[in-house]
Student: 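First the structure, then my questions, so here it is.
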Amino acid sequence: MKKLFTLLACIICYVSYADKITIKVVNNQFKPKTANINFGDTVIFQWKEGIHTTTSTSIPMGAVAWDKLMDSAHKKFTYVPNSGGTYK
(Lines give C-alpha, C1' and ligand atoms only; values in the text may rest on other atoms or scores of the structure.)
Protein backbone atom coordinates (compact mmCIF):
# COMPACT_ATOMS: atom_id res chain seq x y z
CA MET A 1 0.00 0.00 0.00
CA LYS A 2 2.85 2.35 0.83
CA LYS A 3 4.39 1.77 -2.63
CA LEU A 4 1.05 2.60 -4.26
CA PHE A 5 0.87 5.95 -2.44
CA THR A 6 4.46 6.75 -3.41
CA LEU A 7 3.74 5.98 -7.06
CA LEU A 8 0.58 8.07 -6.97
CA ALA A 9 2.47 11.00 -5.42
CA CYS A 10 5.13 10.78 -8.15
CA ILE A 11 2.48 10.82 -10.89
CA ILE A 12 0.74 13.83 -9.37
CA CYS A 13 4.04 15.74 -9.12
CA TYR A 14 4.93 14.86 -12.72
CA VAL A 15 1.58 16.06 -14.08
CA SER A 16 1.60 19.25 -12.01
CA TYR A 17 4.97 20.34 -13.45
CA ALA A 18 4.03 19.87 -17.11
CA ASP A 19 3.88 23.18 -18.97
CA LYS A 20 1.87 24.48 -21.89
CA ILE A 21 4.13 26.28 -24.36
CA THR A 22 2.37 28.59 -26.82
CA ILE A 23 4.00 29.37 -30.16
CA LYS A 24 2.30 32.18 -32.09
CA VAL A 25 1.97 31.92 -35.87
CA VAL A 26 2.28 35.44 -37.29
CA ASN A 27 2.91 36.30 -40.98
CA ASN A 28 4.92 33.20 -41.91
CA GLN A 29 6.90 33.28 -38.67
CA PHE A 30 6.82 31.46 -35.37
CA LYS A 31 7.19 33.45 -32.15
CA PRO A 32 9.27 32.27 -30.38
CA LYS A 33 11.36 30.61 -33.10
CA THR A 34 12.67 27.97 -30.69
CA ALA A 35 11.44 26.54 -27.41
CA ASN A 36 12.81 24.11 -24.85
CA ILE A 37 10.18 21.50 -24.19
CA ASN A 38 10.31 19.01 -21.34
CA PHE A 39 8.80 15.57 -21.44
CA GLY A 40 5.11 15.87 -20.59
CA ASP A 41 4.77 19.46 -21.84
CA THR A 42 2.13 20.47 -24.38
CA VAL A 43 2.98 22.65 -27.38
CA ILE A 44 0.18 24.90 -28.63
CA PHE A 45 0.54 26.56 -32.02
CA GLN A 46 -1.76 29.60 -31.94
CA TRP A 47 -2.64 31.43 -35.18
CA LYS A 48 -2.56 35.23 -35.01
CA GLU A 49 -2.22 36.47 -38.60
CA GLY A 50 -1.43 35.30 -42.15
CA ILE A 51 -1.35 31.75 -43.49
CA HIS A 52 1.27 29.20 -42.57
CA THR A 53 1.67 25.50 -41.79
CA THR A 54 3.29 23.85 -38.84
CA THR A 55 5.05 20.77 -40.16
CA SER A 56 7.46 18.29 -38.63
CA THR A 57 10.56 18.13 -40.79
CA SER A 58 12.78 16.16 -38.43
CA ILE A 59 11.56 14.30 -35.36
CA PRO A 60 12.98 11.65 -33.01
CA MET A 61 12.39 7.99 -33.78
CA GLY A 62 8.98 6.94 -32.49
CA ALA A 63 7.54 10.47 -32.47
CA VAL A 64 4.31 11.31 -34.28
CA ALA A 65 4.74 13.48 -37.41
CA TRP A 66 2.38 16.37 -38.18
CA ASP A 67 1.48 18.80 -40.98
CA LYS A 68 -1.22 21.28 -40.03
CA LEU A 69 -2.51 24.41 -41.77
CA MET A 70 -2.66 27.55 -39.64
CA ASP A 71 -5.07 30.25 -40.84
CA SER A 72 -8.26 32.03 -39.76
CA ALA A 73 -10.21 28.77 -40.06
CA HIS A 74 -7.55 26.65 -38.29
CA LYS A 75 -6.48 28.80 -35.35
CA LYS A 76 -5.03 26.24 -32.96
CA PHE A 77 -3.00 23.04 -33.11
CA THR A 78 -1.91 21.16 -30.01
CA TYR A 79 0.98 18.70 -29.97
CA VAL A 80 2.23 16.59 -27.08
CA PRO A 81 5.69 15.11 -27.77
CA ASN A 82 5.82 11.41 -26.92
CA SER A 83 9.58 10.96 -27.42
CA GLY A 84 12.61 12.83 -26.15
CA GLY A 85 14.87 14.55 -28.68
CA THR A 86 15.01 17.42 -31.14
CA TYR A 87 11.92 18.38 -33.13
CA LYS A 88 12.20 20.64 -36.17
Side-chain angles (χ1 to χ4, degrees):
M1 191 69 150
K2 192 173 187 180
K3 289 181 182 181
L4 178 62
F5 286 125
T6 303
L7 177 61
L8 183 58
C10 289
I11 291 170
I12 291 170
C13 287
Y14 171 75
V15 171
S16 66
Y17 285 106
D19 285 329
K20 291 183 180 180
I21 292 83
T22 300
I23 299 176
K24 296 177 184 171
V25 181
V26 183
N27 290 328
N28 294 328
Q29 295 181 18
F30 296 109
K31 295 181 181 181
K33 290 183 180 186
T34 62
N36 292 321
I37 311 299
N38 296 310
F39 191 73
D41 289 350
T42 299
V43 181
I44 302 167
F45 293 90
Q46 183 69 50
W47 176 83
K48 294 294 179 187
E49 189 175 342
I51 296 175
H52 203 303
T53 61
T54 175
T55 306
S56 57
T57 58
S58 174
I59 57 176
M61 186 178 294
V64 178
W66 72 92
D67 183 19
K68 300 293 182 178
L69 177 64
M70 301 296 300
D71 62 11
S72 60
H74 306 91
K75 296 182 178 185
K76 188 176 186 180
F77 170 64
T78 302
Y79 186 80
V80 179
N82 64 348
S83 298
T86 300
Y87 291 74
K88 295 183 180 181

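Note that the numbering runs from 1 along the sequence shown for the chain.
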Student: If we ignore hydrogens and angles and just use 3.5 Å, is the side chain of T42 paired with the main-chain N or O of K20 as donor and acceptor?
Tutor: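 Absent.
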Student: I need the minimum non-hydrogen distance between I51 and N28, along with the two atoms involved.
Tutor: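 So the two residues come closest at O-OD1, 2.7 Å.
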Student: D67: which residues meet the side-chain hydrogen bond (donor to acceptor under 3.5 Å, both in side chains) condition with it, sequence neighbours left out?
Tutor: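 Per chain and number, D67 pairs via side-chain hydrogen bond (donor to acceptor under 3.5 Å, both in side chains) with T55.
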Student: Identify the heavy atoms of P60 and T86 that sit nearest to each other, and give their distance.
Tutor: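 Closest pair (atom of P60, atom of T86, distance): CD-O, 3.5 Å.
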Student: Of all heavy-atom pairs between D19 and D41, which one has the smallest distance, and what is that distance?
Tutor: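 Heavy-atom minimum between the residues: N-OD1, 2.8 Å.
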Student: Is it the case that more than 12 heavy atoms not belonging to N27 sit under 6.0 Å from its CG atom?
Tutor: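 Yes, CG of N27 has more than 12 neighbouring heavy atoms, counting only those of other groups under 6.0 Å.
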Student: Just say parallel, tilted or perpendicular for the rings of Y79 and W66, cut-offs at 30° and 60°.
Tutor: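 Ring orientation, 0 to 90° scale: tilted.
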Student: At what distance, to the nearest 0.5 angstrom, does NZ of K24 lie from CD of E49?
Tutor: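 The CD atom of E49 is 12.5 Å from NZ of K24, to the nearest 0.5 Å.
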Student: Measure from the side-chain N and O atoms of Q46 to the backbone N and O of K75, and report whether any donor-acceptor pair falls under 3.5 Å.
Tutor: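 Yes; at least one donor-acceptor contact below 3.5 Å.
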Student: Please find the pair of heavy atoms, one from V25 and one from H52, that lie closest to each other, and give the distance.
Tutor: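 Closest approach of V25 to H52: CG1-CB, 3.6 Å.
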Student: Out of the candidates T22, I23, V80, only one should pair with I44 under the side chain to side chain contact (heavy atoms under 4.5 Å, CB included) rule; please name it.
Tutor: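 When side chain to side chain contact (heavy atoms under 4.5 Å, CB included) is applied between I44 and each of T22, I23, V80, only T22 qualifies.
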Student: Same hydrophobic cluster for F45 and V64, using side-chain heavy-atom links shorter than 4.5 Å among ILVMFWY?
Tutor: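 Shared cluster, yes.
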Student: Which heavy atom in F77 sits nearest to a heavy atom in M70, and how many Å separate them?
Tutor: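 Heavy atoms of F77 and M70 come nearest at CB-SD, 4.0 Å.
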Student: Mind checking what makes side-chain hydrogen bond (donor to acceptor under 3.5 Å, both in side chains) contact with N82, not counting sequence neighbours?
Tutor: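 Residues passing side-chain hydrogen bond (donor to acceptor under 3.5 Å, both in side chains) with N82: none at all.
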Student: Could you pull out the closest heavy-atom pair between S83 and A63, with the gap in Å?
Tutor: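 Closest heavy-atom pair between S83 and A63: OG-N, 3.6 Å.
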Student: Which distance, rounded to the nearest 0.5 Å, do you find between the CH2 of W47 and the CG of L69?
Tutor: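 So the gap between those two atoms works out to 10.5 Å.
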